[in-house]
Amino acid sequence: MKINKLIDHTLLKAYATEMDIKKLCDEAMEYDFASVCVNPCHVMLASSLLQGSDVKVCTVIGFPLGANTVNIKASEASEAVQNGASEIDMVINIGKAKEHDYEYILDEIRSVVNASDGRTVKVILETCYLTAEEIAKTSEMAALAGANFVKTSTGFGTGGAKVEDVKLMKASIPTIMEVKASGGIKTLDDLEKMVEAGATRIGASSGKTIIEEYNERNKK
């Protein structure tokens, strides 16, 4: 796969404006990224701007704390799909994961998967708060619930993607599922380490810089 198609070009800052989203979408089309990842309020705008392109619209659900109720997360996912999202990145209830209430985790992921009506669902574990056992178990719940990816981080926690976490997540899911690494991935070296560990999608706000670094390195 081409390196640009590994990247979800991301802007999730609270102060992002419509002009910022337009710039994000312009860059995503210029570099032909896999998707733009934006907050739910920007899905309709991004969808209209990217119409006719190969770039998908990804949005976040229960973001960034994961503390919304199951019904709210499902409703949020359903509305996002109606507004044009083709990929859904949901944050699990991290407190429930710490309590080892994996039935709750299974139920909420399944509810979002069902509400997403066949769209790609990525499950954000926020690995910086979880033990290795909790990472493995929540990854297993994501698989049982029918999600397509497990994802490391929101980028708003106390830490981002780690190679060892990506390896553990990859080992905990069926081969049909994938891993998205996000949080603190700013350079081409960062991306390559995550891909080597098993990630097939990278969430980054530095996608443009990474591609420019890649092109510079591969100049003939």
Side-chain angles (χ1 to χ4, degrees), residues 6 8 10 12 37 39 58-77 80 87-116 119-186 190-191 193-205:
L6 296 172
D8 289 345
T10 303
L12 297 168
C37 188
N39 279 308
C58 172
T59 195
V60 288
I61 301 300
F63 193 87
L65 301 178
N68 307 56
T69 63
V70 173
N71 287 341
I72 291 296
K73 288 181 183 179
S75 178
E76 202 176 8
E87 299 197 343
I88 302 292
D89 288 18
M90 68 161 289
V91 188
I92 64 164
N93 187 310
I94 301 159
K96 293 295 185 183
K98 297 303 295 180
E99 293 170 7
H100 300 174
D101 189 349
Y102 298 117
E103 285 299 318
Y104 184 99
I105 299 294
L106 176 63
D107 179 60
E108 73 164 355
I109 298 171
R110 185 176 283 146
S111 295
V112 170
V113 168
N114 291 340
S116 298
R119 274 57 169 192
T120 295
V121 174
K122 310 187 200 100
V123 178
I124 306 173
L125 308 186
E126 200 70 294
T127 50
C128 60
Y129 299 129
L130 303 180
T131 66
E133 180 187 354
E134 289 160 355
I135 291 169
K137 286 294 292 183
T138 49
S139 296
E140 290 170 17
M141 293 305 105
L144 286 172
N148 306 96
F149 282 76
V150 280
K151 175 178 169 182
T152 58
S153 319
T154 62
F156 288 77
T158 56
K162 293 182 179 179
V163 165
E164 57 267 32
D165 292 341
V166 171
K167 287 180 178 177
L168 175 57
M169 292 159 71
K170 185 66 177 173
S172 303
I173 56 176
T175 53
I176 196 171
M177 279 185 75
E178 302 177 65
V179 177
K180 176 176 172 179
S182 63
I185 300 171
K186 300 183 182 301
D190 292 338
L191 179 146
K193 287 174 185 174
M194 295 302 164
V195 171
E196 187 178 345
T200 51
R201 194 75 70 86
I202 303 296
S205 56

Q: Report yes or no: do Ser172 and Glu140 form a side-chain donor-acceptor pair below 3.5 Å?
A: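 Side-chain D/A pair, Ser172 to Glu140: absent.
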Q.
Here's a test for you: under side-chain contact (heavy atoms from CB on, under 4.5 Å), which of Asp101, Ile109, Asp107 qualifies with Ile105?
A.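 For Ile105, the side-chain contact (heavy atoms from CB on, under 4.5 Å) test succeeds with only one of Asp101, Ile109, Asp107, which is Ile109.
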Q. Among Val60, Val121, Thr120, whose side-chain contact (heavy atoms from CB on, under 4.5 Å) with Asp89 holds?
A.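 It is Val60, the one option of Val60, Val121, Thr120 that forms the side-chain contact (heavy atoms from CB on, under 4.5 Å) with Asp89.
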Between [atom1] on residue [X] and [atom2] on residue [Y], distance to nearest 0.5 Å:
| X | Y | atom1 | atom2 | result |
| --- | --- | --- | --- | --- |
| Thr152 | Leu168 | OG1 | CG | 12.0 Å |
| Leu125 | Thr138 | CG | OG1 | 4.0 Å |
| Glu103 | Glu108 | CD | CD | 12.5 Å |
| Ile185 | Ser153 | CD1 | OG | 8.0 Å |
| Ile88 | Cys37 | CD1 | SG | 9.5 Å |

[X] and [Y]: which non-hydrogen atoms are nearest, and at how many Å?
| X | Y | result |
| --- | --- | --- |
| Ile61 | Ala80 | CD1-CB, 4.5 Å |
| Arg110 | Ala145 | N-CB, 3.6 Å |
| Lys122 | Asp8 | NZ-OD2, 3.3 Å |
| Leu12 | Phe156 | O-CZ, 3.5 Å |
| Thr127 | Gly160 | OG1-O, 4.2 Å |
| Val112 | Ala77 | CG1-CB, 4.0 Å |

Q. Do Lys137 side-chain atoms and Ala97 backbone N/O form a donor-acceptor pair below 3.5 Å?
A.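 The answer is no, because no donor-acceptor pair under 3.5 Å joins these two groups.
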Q. Got a salt bridge between Arg201 and Glu178, using NZ or NE/NH1/NH2 to carboxylate O under 4.0 Å?
A.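 Salt bridge absent between Arg201 and Glu178.
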(Q) Could you check whether atom CD of Glu164 has more than 12 heavy atoms from other residues, nucleotides or ligands sitting under 6.0 Å from it? (A)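 Result for CD/Glu164: enclosed.
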Q) For Lys170, does the NZ atom have more than 12 heavy-atom neighbours from other residues, nucleotides or ligands under 6.0 Å away? A)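 Yes, enclosed.
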Q | Six-ring centre of Tyr104, Lys96 cation under 6.0 angstrom, axis tolerance 45° | A |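 Positive - Lys96 is close enough to the ring of Tyr104 and near enough to its axis.
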**Q.** Verdict with reasoning, Met141 to Val123, per side chain to side chain contact (heavy atoms under 4.5 Å, CB included)
**A.** CA-CA 10 Å; Met141 293 305 105; Val123 178; over 6 Å; no
Q: Dump the intermediate steps for side chain to side chain contact (heavy atoms under 4.5 Å, CB included) on Lys73 and Ser111, then the final yes or no.
A: CA-CA 8 Å; Lys73 288 181 183 179; Ser111 295; over 6 Å; no
Q. Does the side chain to side chain contact (heavy atoms under 4.5 Å, CB included) test come out yes or no for Ile92 and Glu126, once each step is laid out?
A. CA-CA 8 Å; Ile92 64 164; Glu126 200 70 294; over 6 Å; no
Q: Might you work through the side chain to side chain contact (heavy atoms under 4.5 Å, CB included) test for Ser116 and Met90, ending with a clear yes or no?
A: CA-CA 11 Å; Ser116 298; Met90 68 161 289; over 6 Å; no
Q: For Glu134, check side chain to side chain contact (heavy atoms under 4.5 Å, CB included) against everything at least two apart and list the hits.
A: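 If we apply the side chain to side chain contact (heavy atoms under 4.5 Å, CB included) test to Glu134, skipping adjacent residues, the hits are Lys98, His100, Tyr102, Leu130, Thr131.
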